[in-house]
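To start, the structure under review is shown below, and the notes come after it.
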Amino acid sequence: MRDAAPKTIYLSDYKPFGYDVDAVELTFDLQPNATRVKSRVAFVPKPEADGSFFLHGEQLKLISAQIDGRPVSPELSEQGLSCQVPQTPFVWEAEVEIDPAHNTALEGLYMSNGMYCTQCEAEGFRKITYYPDRPDVMSVFTVHINGPHPVLLSNGNPVTRGDGFAEWHDPWPKPAYLFALVAGDLVAHPDDFTTKSGRKVDLNLYVRPGDEGKCAFGMQALKASMAWDEEEYGREYDLDIFNIVAVDDFNMGAMENKGLNVFNSSAVLASPETATDMNFERIEAIIAHEYFHNWTGNRITCRDWFQLCLKEGLTVYRDSQFTSDMRSAAVKRIRDVIDLRGRQFAEDQGPLAHPVRPESFQEINNFYTATVYEKGAEVIGMLRRLVGADAYSKAVDLYFERHDGQACTIEDWLKVFEDATGRNLDQFKLWYSQAGTPRLTMKEAWDKGTYTLQFTQKLKPSETTPDPQPQVIPIVAGLLFPSGKEAVSDQVLELTEATQSFSFEGLKERPIPSVLRGFSAPVVLENTLTPEHAAFLLAHDTDPFNRWEAGRSLAKANLLNMIRNGSEPDESYLSGLGTVLADRSLDPSYRALMLGLPSQSDLATALFDAGDVPDPDAIWTACETMGHAQAGHLKDILPILFEENQVAEAYAPNADQSGRRSLANASLWLLSLTDGLDRARAQFETADNMTQQLTALSVLLRAQDGASELRAFETQWSSDRLVMDKWFALQVVQAPPAEVSATALALTAHADFNWKNPNRFRAVFGALASHHPGFHSASGAGYNLLADWLIKLDPINPQTTARMCAVFQTWRRYDTGRQAHARAALDRMLAVSDLSRDTTEMLERIRGDSI
Ligand code: PHE
Ligand code: ZN
């Protein structure tokens, strides 16, 4: 039955728990269908406690409960239990039975390929035992595991182990969401790391037998992360051992459980033959992200789930700094901005818009969003830009010093910045409470040597932000003379008013502005670049981000014109692009990014923003035309770029090699449009790495001339789960728009389509949803097929279902015919009885009730 009245939870209702938890002891007797969990928890009433005592607990069979050794009979509900308790310190003991083998939701204790595994964030611990499952209750855990498995793991340090049992103790107080247990027939890839104070830490990456060859890179990334956090943030690791486990069935990317990170195998396992350069880069970033959580998330955690961005925004910011240091800072920034615009701006524009710190939710699992993570990271970046790098370090040091061991709020975070810098951050705090993407317009004036820039900021009122106030927007700006020489180098203009001017004096010539350098704030800059201005910046800007941005804005303006009035690709854009591509002083990966076009859904966003109704077929056609125009215009240089960026050395997934491969592969794509498929076929035959093999196959499939290679690929990789995910996804991604749904449907009949595995489900349906004209097909086939499968998945895995529902968030942008199909699909899903709370909340928000 659907929860009669799904409950909305409000930040403003926060109340501390009435008890401290001194210590927790857990004993697990592992059995696939009947695992017994004994808990022993020492509670100490707080002076202000009101005497009520409630423990969360869901889908548990209570076997017995005792207080101070005497049996008690608590009152049970679907959500947990309440009980009469003493007003003095007492020991709660309970035994429950759970059924990990039938836990398909992958939350709590579950099984994956015979291995036991847990996932407790955000509220999964309550499916393991009765407990105050809230992040502000922190305690020290001791865990006994009994089971016949060679590997038995939990958080903290190992205490004892023997045949069929192990004991772990975690000395650092933590909330229950960071609890983890793993048991199985796993093999370790061991290593170690000596911290800067000289402590030796054992490191292990645990994988299924057969995956040993895919561990080296993840381990190296872990060691690099540990060294970086010491160097850049002064943060040392704090246990004797750090374990990572790879698991095939996982709803998200990875989880930062204290001392025992659990990873989706796609986010950690890699070898040159099976993983692409992009996979390697993503793995390095996720390993760093989870490791960095040890301080930003674990040692200092969140008071309540409304503060999720406290740990996620900061940790994403930290992992992006790490990647910038390890690889190319400009390339990382460009990729992050592409991602932010594609996912977060779309979220801000539609029915799922919410502030970085939401003020209410029904199901917290639905708030692990691009806004909380990526915009949350942008907010940290702005703060650092405003106060400067030194003050940022000082403030963060103070944060660690003041709040170590605590469960904190955004107010605590901002206060350390106020105390360290003397700045008032009241207005800055609006970034946490106002939803939506601010829009900037810019005007220029020139008067006898004085150049003035005037900015106006606007934020559209929305449901969560009905009366938006001006925010603090750091605009990094530089000025260039017409010669291309820099007149004024980077300055942070602090926009705080709705409209505000900034003047530069004593200039001998009227300069050309380059604003929002490095994408210094997550805003939309409107109507600023004329084609001439953009062409100038594309040729001369000294800021690599803005130089790329200039090319991007030319491409975008050009594409929008093509879509709106059928105009032709613009020569000045193409020749600017040609100049950049020929400039060998520029990093190959940067040049490859220059070739990229805005995504089709970004173009739809832009059209919708401008009051137009986006037509996915017209957008697709314009992008195809533009690709051919690029290929035609660059036909002389492309073969050269392809050849000179071949990598002769042995494969290594580093920035230099992957940059060269990305430019060679981008060239291969374009060459296939004008110069046949021989190069792609040859590359498919000879590739010794997945990056080149997969690109070659993609090119052939896109040309609808890759059937035999597709079969060869399947034969070669049929026993590799992660590569087969690529095989599934690729066919959908490269299908012509009219065949996307049929292709996805056909794949669901494939013997290896294990729809209960989130990676495999996402391979097919994530690919379907990412195919803009295919998913938003006028026939409604894309919407209908996805709805069928979400209905099927919801009862077994609400979390993955609910996350995938988000792909419907843009449905109101499109024409009435498409809207009618989408609405019918949404209503059909909403009509299902027993729909999960996760999915119900998402669908209701997306559907809305107005027509
Ligand atoms: N906390 C995890 C991260 O950011 C994400 C996650 C959330 C994983 C919920 C599982 C469940 O890395
Ligand atoms: Zn995280």
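Counting starts at 1 for both ligands and their atoms, in listed order. Keep in mind that the numbers below use all heavy atoms, side chains included, and drop hydrogens, waters and symmetry copies. Small disclaimer: the values here were computed from a predicted structure and weren't measured.
Ring pair Phe179/Phe28 is parallel by interplanar angle, where below 30° counts as parallel and above 60° as perpendicular.
Ion pair Glu363/Lys7 not flagged as a salt bridge, since none of the NZ, NE, NH1 or NH2 atoms sits closer than 4.0 Å to an Asp/Glu carboxylate oxygen. With salt bridges taken as basic N to acidic carboxylate O contacts below 4.0 Å, none links Arg208 and Asp185. Ion pairing of Lys127 with Glu58 is absent here, as no side-chain N (NZ or NE/NH1/NH2) approaches a carboxylate O to less than 4.0 Å. In summary, Asp304 and Arg134 do not engage in a salt bridge, as defined by a charged side-chain N under 4.0 Å from a carboxylate O. The residues Asp133 and Arg126 are annotated as salt-bridged, a charged nitrogen and a carboxylate oxygen being separated by less than 4.0 angstrom.
A ring-centre distance under 6.0 Å is found for Trp305 and Tyr177.
Heavy atoms of Lys311 found under 4.0 angstrom from ligand 1 belong exclusively to the side chain.
The atom of Glu312 that is an N, O or S and sits closest to the Zn ion (ligand 2) is OE1.
In this structure, atom 8 (C) of ligand 1 lies nearest to the protein heavy atom Ala254 O, 3.3 Å. Regarding atom 6 (C) of ligand 1, its nearest protein heavy-atom neighbour is Met252 CE, 3.7 Å. Counting only heavy atoms of the protein, atom 12 (O) of ligand 1 lies nearest to Glu290 OE2, 2.6 Å. With respect to atom 9 (C) of ligand 1, the closest heavy atom belonging to the protein is Glu121 O, 3.7 Å.
At least one N/O-N/O distance between Tyr373 and ligand 1 falls below 3.5 Å.
The Zn ion (ligand 2) lies at 2.8 Å or more from every N, O or S atom belonging to Glu290.
Residue contacts with ligand 1: Ala122 is excluded, as none of its non-hydrogen atoms falls under 4.0 Å.
Residue-ligand proximity, Glu256 to ligand 1, at heavy-atom distances under 4.0 Å covers atoms 1 (N), 2 (C), 3 (C), 12 (O).
For the pair Arg318 and His289, the minimum side-chain heavy-atom distance is 4.5 Å or more.
Considering each of His293, His289, Gln119, the one bringing a non-hydrogen atom nearest atom 10 (C) of ligand 1 is Gln119.
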